[in-house]
Amino acid sequence: MLQAENILFTSTIIIYFLAMILYFVFITTKKEGLSKMAVILEIAGLVLHTGAIVCRGIGAGRLPLTNQYEFATAFAWGISLVSLIFILRFKFPVLGVFAAPIVLLIIGYAAMQSREVRELMPALKSSWLGFHVSTAIIAYGSFGVSFVLGIIFLMRDKMKDSSFFGQHIPSREKLDLIGYRSVALGLLFLTFTIITGAIWAEQAWGSYWSWDPKETWSLVTWIVYAIYLHLRLRRGWEGKAAAVFAIIGFICVIFTYIGVNTLLPGMHSYG
Amino acid sequence: MTEEKQTTRENGLKRAFQFLTSMPFAIALLILLALACAGASMITQGQTLNWYVAQYGERTASLIMTLSLDDAFHSWWFILISAFLCLNLLFCNLIRLPQLISRTKNEKNVNVTAVTAAGVSVEGIEDAEKAFARLRMPKPEEGQDEEGRKTLYASKNRIGLWGAWVCHLGILLLILGFSLGQFTKEDYAVYGVPGQTKPVGETGLQLTIDDFEIGLREDDTVEQYTARITASNGAGREEKAEISVNHPARMFGMTFYQNSTGWAARIGITKDGQYLQDAVLCTGEFVPVKDKEDLIVYFNAFYPDYELVQGQGPMTRSGNLNNPAYLYTVYYRGEVLGMNVLMPDEVLTIDEYEVTFSEPQPYTVIQVKRDAFTPLAFAGGILVMLGLILAFYLIPVRVLARKEEDGTWTFYGLCQKGGPLFRERFENDLKELSHAAS
């Protein structure tokens with residue numbers, strides 16, 4: 001099963017890479033048909049990616065969400081899934097042009113981690129693991145998409161509406177609203193993550209909140225997105241300022257995931 | 001003049017109150033809180049001045065201590081920011097409550113002017129009932145506009161108006177539950193080896209460790225730590241439980257957790273070849289010599305599979321008892337007499353005393369906790385989630401249909417949070433039913 005996972009994982013990377021190339025060719029050659037092919041390829045990549053994760057789970061005999069490799073590949077899966085939902089829901093293929101490199105970067109980071117299957121330490125043997133980490137994947141995936149939308153929003157200001165790029169990007173107002181939808185989804189799931197984590201920590205460590213670096217940075221991330229939501233309600237602060245906070249928020253997400261694990265070890269040092 | 005002064009003071013107070021409850025102030029507090037948390041996470045918390053001096057140098061260490069950055073999350077400034085945030089949330093919710101009640105009522109009642117002026121519209125609809133169904137709206141109520149034309153009105157997701165309010169209330173309860181818990185909770189750590197009975201802080205409870213087991217897998221990794229314990233209250237009542245990581249137990253209104261583990265060993269002391277004393281010591285514990293109490297033997301660490309690595313000091317190759325070794329320090333009147341590693345067959349001689357270590361065994365650390373405010377904090381957490389679901393996914397929508405002279409209906413839709421996405425969906429949903437479009 002783990003061999004099947006290896007094959008599927010490598011195939012996923014190749015398909016995602018091809019999808020990214022197609023997105024780039026679409027934007028440079030301005031051929032509409034290429035964007036549809038890129039989306040189809042990305043869907044195929046997501047199917048293979050799901051297969052790789054399922055094989056990993058069956059091979060390991062547990063939920064494959066407990067170390068850097070497993071979480072990184074699931075993180076990339078989350079961004080891929082949420083970006084595809086947004087691309088299809090809002091008929092917005094340009095989103096893929098920016099999301100595909102991020103998915104590829106994160107899955108590339110996963111490929112660099114050890115893929116050794118290890119048994120779970122006692123603290124991780126809990127039914128809360130599934131709820132806690134899977135909600136984090138959707139949250140991080142949504143924030144990845146809002147980051148991309150933030151960048152597109154800032155770039156949109158510098159482009160003419162009549163340009164090819166300008167024609168394929170929604171209006172400022174709509175873009176801001178799509179970004180808000182992705183932050184809303186992410187914030188809801190991040191709240192689920194923090195609360196399920198707190199319930200689990202209460203059972204495992206006897207304290208639902210210990211100011212562990214991972215907990216603290218999840219809170220920082222939550223606060224940054226709360227600021228984003230409040231800014232959008234202020235006249236004159238919506239749009240550009242909110243887009244900047246969506247970008248800062250994702251930097252916090254990345255720091256919570258990679259930075260905290262490498263620079264600030266604590267009780268979450270395994271994941 | 002006095003009246004003028006009073007008015008100025010009242011205006012000043014009013015302005016201060018308005019600022020305290022304003023959104024810019026809330027945003028400023030959130031930014032401060034995020035910066036405080038991020039900064040504090042970069043500094044190891046709860047260390048001594050000497051530790052910070054060794055890590056960061058004297059000047060930075062002094063700054064850390066002055067600003068209470070060594071215990072940032074309990075510092076006065078952190079509590080102050082949190083308190084202001086609570087006040088802001090509380091007043092914001094209090095001020096908004098009457099407005100919300102009135103808005104919820106208004107949303108239910110038809111307001112032709114508001115909906116037709118601010119909403120999106122589609123003309124030429126023949127089948128109004130079908131159009132309301134297509135828009136996934138509830139059954140509309142009949143009415144009339146100012147000019148006596150027949151209207152149909154429906155609204156949905158009024159509860160969504162309460163999302164932010166419920167979320168803010170949840171945050172307040174969460175902070176309150178956590179803060180009250182910090183001040184009132186009882187939290188003790190009891191450690192020992194099987195057979196030992198120890199008091200649980202000042203609770204009056206006694207905890208006996210009946211058994212402690214480390215379940216190992218074939219590859220020697222730990223599968224589970226399990227302790228069987230008995231708690232007694234001194235009045236003859238006893239309760240027994242088995243606890244393991246992730247599986248705490250409740251006894252006498254307190255929660256018992258299998259928290260941690262370490263190594264313990266038996267220390268034996270003889271004097272001139274005669275038995276003097278023995279005791280079971282956990283690492284980090286010490287024992288004073290019975291007839292010379294200012295002579296102390298401290299049990300620093302235990303290495304089950306000892307190896308001395310050049311440049312790194314004593315280490316253990318594995319968790320198995322292949323080559324056990326005990327690291328000790330001897331103090332006399334507070335001064336270090338010596339520090340070394342002792343193997344099981346070795347004897348440490350201090351004048352007429354001989355010290356040996358034996359019977360290494362794992363000890364367990366049981367955490368015993370009572371926090372009456374944990375349910376309040378969790379209730380707050382659930383309200384935050386509920387509030388977010390209401391705010392993000394139950395967006396209030398109002399739809400008004402007005403019968404025109406030609407017998408067709410003009411539909412107006414209003415969704416303040418929906419923006420262009422609502423407009424698009426409204427128009428697309430009604431496009432097929434619109435006589436005007438065809």
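Residue numbering restarts at 1 for every chain, and letters A, B, ... go by the order of the sequence lines. Worth knowing before you read on, the calculation uses all heavy atoms, side chains too, and leaves out hydrogens, waters and symmetry mates.
A salt bridge is defined here as a Lys NZ or Arg NE, NH1 or NH2 lying under 4.0 Å from an Asp or Glu carboxylate O, and Glu202(A) with Lys369(B) meets this definition.
For Arg103(B), the CZ atom is loosely surrounded, since the number of other residues' heavy atoms within 6.0 Å does not exceed 12. Heavy atoms of other residues, nucleotides or ligands lying less than 6.0 angstrom from CZ of Phe131(A) number 12 at most. The number of heavy-atom neighbours closer than 6.0 Å to OH of Tyr188(B), taken from other residues, nucleotides and ligands shown, is above 12.
Looking at Thr374(B), both its backbone and its side chain come within 4.5 Å of chain A, counting heavy atoms on both sides. Residue Ile389(B) touches chain A through both its backbone and its side chain, counting heavy-atom pairs closer than 4.5 Å. The contact between Ile171(B) and chain A is made entirely by side chain atoms (from C-beta outward), counting heavy-atom distances below 4.5 Å. For a residue to count as touching a neighbouring chain, one of its non-hydrogen atoms must lie under 4.5 Å from one of that chain's; by this rule Leu188(A) touches chain B with backbone and side chain alike. If you measure heavy-atom distances from Phe192(A) to chain B, the contacts under 4.5 Å come from both the backbone and the side chain. Heavy atoms of Trp217(A) lying under 4.5 Å from chain B belong exclusively to its side chain. When heavy atoms are compared at a cutoff of 4.5 Å, Leu229(A) approaches chain B solely by way of its side chain, counted from C-beta outward. In this structure, no portion of Gln45(B) lies under 4.5 Å from any heavy atom of chain A.
Using cut-offs of 30° and 60° on the angle between ring planes, the pair Trp211(A) and Phe73(B) is parallel. Between Phe178(B) and Tyr208(A), the ring-plane angle classifies as perpendicular under the 30° and 60° cut-offs.
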Next on the checklist: Between Leu30(B) and His230(A), is the side chain to side chain contact (heavy atoms under 4.5 Å, CB included) condition met? List the steps.
Outcome noted: CA-CA 10 Å; Leu30(B) 287 172; His230(A) 285 87; 4.2 Å; yes

Next on the checklist: If you apply the rule side chain to side chain contact (heavy atoms under 4.5 Å, CB included), what do you find for Trp209(A) with Leu174(B), and how did you get there?
Outcome noted: CA-CA 11 Å; Trp209(A) 193 264; Leu174(B) 219 159; over 6 Å; no

Next on the checklist: For Gln203(A) and His247(B): C-alpha separation, side-chain torsions, deciding distance, then whether side chain to side chain contact (heavy atoms under 4.5 Å, CB included) applies.
Outcome noted: CA-CA 7 Å; Gln203(A) 279 191 359; His247(B) 300 96; over 6 Å; no

Checklist entry - Which is it for Arg423(B) and Glu173(A) under the salt bridge (charged side-chain N to carboxylate O under 4.0 Å, His left out) test, yes or no, and what are the steps along the way? => result CA-CA 12 Å; Arg423(B) 278 201 298 275; Glu173(A) 200 189 354; 3.5 Å; yes

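Listed here is the closest heavy atom pair of Leu177(A) and Pro420(B): CD2-CD, 3.8 Å. Pairing each heavy atom of Met42(B) with each of Phe255(A), the nearest pair is CE-CZ, 3.7 Å. Looking at every heavy atom in both residues, Tyr180(A) comes nearest to Ala391(B) through OH-O, 4.2 Å. Pairing each heavy atom of Met385(B) with each of Ile195(A), the nearest pair is CG-CD1, 3.7 Å. Heavy-atom minimum distance, Leu219(A) versus Cys37(B): CD2-SG, 4.0 Å.
The distance from atom SG of Cys167(B) to atom CG of Leu187(A), rounded to the nearest 0.5 Å, is 7.5 Å. Separating the CD1 atom in Ile227(A) from the CD1 atom in Ile27(B) is a distance of 7.5 Å, to the nearest 0.5 Å. In this structure, CZ in Arg181(A) is found 10.0 Å from NZ in Lys417(B), a value given to the nearest 0.5 Å. Residue Asp187(B) holds its CG atom at 7.5 Å from OG of Ser207(A), rounded to the nearest 0.5 Å. One finds the CD atom of Glu215(A) at 12.0 Å from the OG atom of Ser41(B) (value rounded to the nearest 0.5 Å). To the nearest 0.5 Å, the span separating CD1 on Ile31(B) from CD1 on Ile223(A) amounts to 11.0 Å.
In this view, Arg425(B) satisfies the side-chain hydrogen bond (donor to acceptor under 3.5 Å, both in side chains) rule with no residue, not counting sequence neighbours.
By the 4.5 Å heavy-atom criterion applied to side chains, Tyr393(B) and Leu185(A) are counted as neighbours.
Side-chain atoms of Asn246(B) and Trp128(A) form no donor-acceptor pair, as typed in the model, at a separation below 3.5 Å.
When Thr255(B), Asn259(B), Val222(B) are compared by the number of non-hydrogen pairs under 4.5 Å with chain A, Val222(B) comes out ahead. For the set Thr221(B), Val245(B), Leu421(B), Leu388(B), the count of heavy-atom pairs under 4.5 angstrom toward chain A peaks at Leu421(B). Here Glu223(B) is the residue among Glu223(B), Gln224(B), Lys185(B) with the most heavy-atom pairs under 4.5 Å with chain A. Chosen from Ala72(B), Ala164(B), Ala38(B), the residue pairing most often with chain A at heavy-atom distances under 4.5 Å is Ala38(B).
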